[in-house]
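Shown next, in structure tokens, is the structure this report addresses.
Naming convention: chains lettered A, B, ... in sequence-line order (proteins, then strands); numbering from 1 in each chain. Values below: all heavy atoms of this structure, side chains included; hydrogens, waters and symmetry mates excluded.
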Amino acid sequence: MRGPRRKTISNQERKMRTLALLFCLIGAVAVAADEFTREDMERWQEQYQRVAQKGRQLWTSGDLGSNGVACAQCHPNAANTHPETYPKFQQQLGRVADLWEMVNWCIRNPLEGEALSADDPKMIAIVSYIHSERKGVPLAPGKH
Amino acid sequence: MLPVSLVRLSFAEPGRGFTFGYISDSHIQHIRDDKFVRSWDQGLKRAVAEANLLDPRPDFFVFGGDLAHLGTRAELDHGAEMLGALHGKLYMVMGEHDYYLDMGDYWRKLYGDDYYSFDHKGVHFVVLNSILTYDDWNRRWDTPGRRMQEMALLDNPNGSPFMVGERQREWMRKDLDSQDKDTPIVVFSHSPLQKIYRGWNFWTEDADEVQKMLAPFRESNVIYGHVHQIQYNQIGNIAFTSVMSTAWPWPYPESYALAESHLPILTVPMNRADPSNERDATGWQFMNMHSGRIDTTFNLGANQNRRVAWNERHRRPEDTRYQDKDARTPPQDHF
Ligand SMILES: [Fe+2]
Ligand SMILES: [Fe+2]
């Protein structure tokens, strides 16, 4: 007699506990995603700045390619790179291309170097730097 | 009454007219051993080869500075060898890339003084070294190589502005004192003797003082390199025209959106460069000197040539084809 009764209670309890746990979890996830502090934002911004700064070093260095030529030689302050216009149709490729592909075009040709993969930390640093010099310019994808 | 242009031509000496060629900013760059950056070599070789085909021959040539990229003997020697193939008298201008490794010593060994004047067919020419800077800055760096690298980086926040300097200005004042105010004056400098954008040294710190010395002359003209792009302007009696680089083009300062700059509104820009053509937006100049003013033909490696000529009616240099707003083409729009 006691046995089944206990079992029933125990089943209900388990359901309750599972539900409670579920709510708890959803609650916990929601709180973690919603809430970040000013310090977090500063830290993340600083992470970006550090990568962009690394990009500036690569941009001005003669070591990115093989002949000592630096990106900055033709693009002071990354000017004339127009990051806001990508992706866009690129005449010399005959198709729509993204900014990192054009960075590789320059690494291969004027710099006589070897292309980087799109997710190479160096490429991410270079693209970060290019964008950092173009802050506030409205997006204009496809513009030539 | 005679048209003004004919009256001006009647000033016999300057009216005779002559031509000269202008090559600049070849930036010969050493890699190692006997290797140099191919594209920059090609630019200079092509300019020299084309200039050698001019017929009739111009009276002389000018090289506008930045023969080398990092001022080494290897670069200056290699550049001098290629430039040596040019047929004709050659006048040299000092650029910052020739100067900041050894403060111009080796360049002067090859070419002599870095500022001087000469007369040709009634025109007085003044060549300046306009890329000097503060002694404190020169002494700031551990090694000459470091100093050269710092000055070579155009957008360097640790850079220093160009200037002609007091000593040279004093020399220029005396040099110009002996000239009649009706004598046409032409100044060759590396940096613009006008203030366009300080962040990239499209600028000479004491440009105003130099302009003051040129103002009393009926016809003053300044030709400058360094900017690797077409620029022209008129300030009072002074007509300014820049020359192209044989190596690579530079963006117009306005395309750096984060800073303010002052490209002369008179300038119709060169075409935006197509990166897939390595000679695009590079070239050299053919100059026609007449009645104290200069018409410039920009011989562009991969674009239609441009011609910026003295417009006697407007009393300023103007592009003979694209000056009108409606005549401009989409590639001339820089952003
Ligand atoms: Fe230059
Ligand atoms: Fe220069």
Side-chain angles (χ1 to χ4, degrees), chain A residues 52-53 55-63 65-86 88-95 97 99 101-113 129-140 143-144, chain B residues 25 27-32 35-41 66 69-70 72 75 97 149-150 152-159 197 199-202 227-229 245 247-259 261 269-270 272-278 280-282 330-331 333-335:
Chain A
Q53 189 52 38
R56 161 100 186 159
Q57 277 163 24
L58 291 163
W59 194 258
T60 55
S61 146
D63 300 331
S66 72
N67 60 4
V69 175
C71 304
Q73 252 169 269
C74 296
H75 299 282
N77 293 111
N80 248 1
T81 52
H82 306 120
E84 78 281 9
T85 63
Y86 288 91
K88 74 171 166 198
F89 184 82
Q90 207 65 49
Q91 272 188 87
Q92 67 264 51
L93 303 176
R95 61 176 170 81
L99 177 60
E101 298 181 84
M102 287 312 295
V103 172
N104 272 339
W105 194 93
C106 282
I107 291 176
R108 275 198 303 267
N109 292 283
L111 273 58
E112 300 181 72
Y129 170 64
I130 293 173
H131 282 282
S132 74
E133 292 279 35
R134 202 64 173 163
K135 274 181 197 160
V137 176
L139 286 175
K143 179 177 176 183
H144 197 86
Chain B
D25 291 86
H27 286 261
I28 299 310
Q29 190 170 354
H30 192 204
I31 304 173
R32 73 191 89 78
K35 284 196 165 62
F36 292 84
V37 173
R38 185 190 47 77
S39 174
W40 314 156
D41 273 20
D66 289 351
H69 187 60
L70 293 174
T72 61
E75 290 175 353
H97 289 263
Q149 289 281 0
E150 294 288 338
L153 183 59
L154 193 72
D155 62 1
N156 189 358
N158 297 320
Y197 178 47
W200 296 349
N201 264 338
F202 286 13
V227 295
H228 299 207
Q229 62 191 231
S245 161
W248 72 79
W250 261 334
Y252 282 91
E254 70 200 75
S255 62
Y256 181 42
L258 303 190
S261 57
M270 66 184 178
R272 261 192 283 144
D274 170 0
S276 69
N277 186 324
E278 68 180 19
D280 197 15
T282 70
D333 183 22
H334 291 250
F335 60 91

Legend entry - Proximity breakdown for A:N77 and chain B, heavy-atom pairs closer than 4.5 Å: both
Legend entry - Residue pair A:V69 / B:W40, side-chain heavy-atom distance below 4.5 Å: yes
Inset, instruction - Against chain B, label A:V137 side chain, backbone, both or neither, depending on which of its atoms sit under 4.5 Å from a heavy atom there. - result: side chain
Legend entry - Close side-chain approach of A:Q92 to B:P275, heavy-atom, < 4.5 Å: yes
Inset, instruction - State, to 0.1 Å, how close B:A257 and A:R134 come at their nearest heavy-atom pair, and which atoms those are. - result: CB-NH1, 3.9 Å
Inset, instruction - Starting at CD of A:Q73, measure out to CG of B:L153 and round the result to the nearest 0.5 Å. - result: 9.5 Å
Legend entry - Contact class of B:S255 relative to chain A, heavy atoms under 4.5 angstrom: both
Inset, instruction - Under 4.5 Å heavy-atom distance to chain B, tell me which part of A:T85 shows up: side chain, backbone, both or neither. - result: side chain
Inset, instruction - Considering only heavy atoms and a distance below 4.5 Å, find which of A:K143, A:Q91, A:H144 pairs most often with chain B. - result: A:K143
Legend entry - CG-NE2 distance between A:N67 and B:H30, expressed to the nearest 0.5 angstrom: 12.5 Å
Inset, instruction - Below 4.5 Å from any heavy atom of chain A, which atoms of B:P331 appear? Answer side chain, backbone, both or neither. - result: neither
Inset, instruction - Check each atom of B:H69 against the heavy atoms of chain A and say whether the ones under 4.5 Å are side chain, backbone, both or neither. - result: side chain
Legend entry - Region of A:R108 that comes under 4.5 Å of a non-hydrogen atom in chain B: neither
Legend entry - From B:R32 atom CZ to A:S66 atom OG, the distance as rounded to the nearest 0.5 Å: 7.0 Å
Legend entry - B:E278, part contacting chain A, at a heavy-atom distance under 4.5 Å: neither
Legend entry - Distance-minimising heavy-atom pair for B:L258 and A:K135: CD2-O, 3.4 Å
Legend entry - Approximate separation, where rounding is to 0.5 Å, of B:H334 NE2 and A:H82 NE2: 8.5 Å
Legend entry - Heavy-atom proximity to chain B below 4.5 Å, by part of A:Q90: neither
Legend entry - A:P110 and B:W248, any side-chain heavy atoms less than 4.5 Å apart: no
Legend entry - Check: B:W250 side chain, A:P76 main-chain N or O, donor-acceptor pair, under 3.5 Å: no
Legend entry - Heavy-atom proximity to chain A below 4.5 Å, by part of B:F335: both
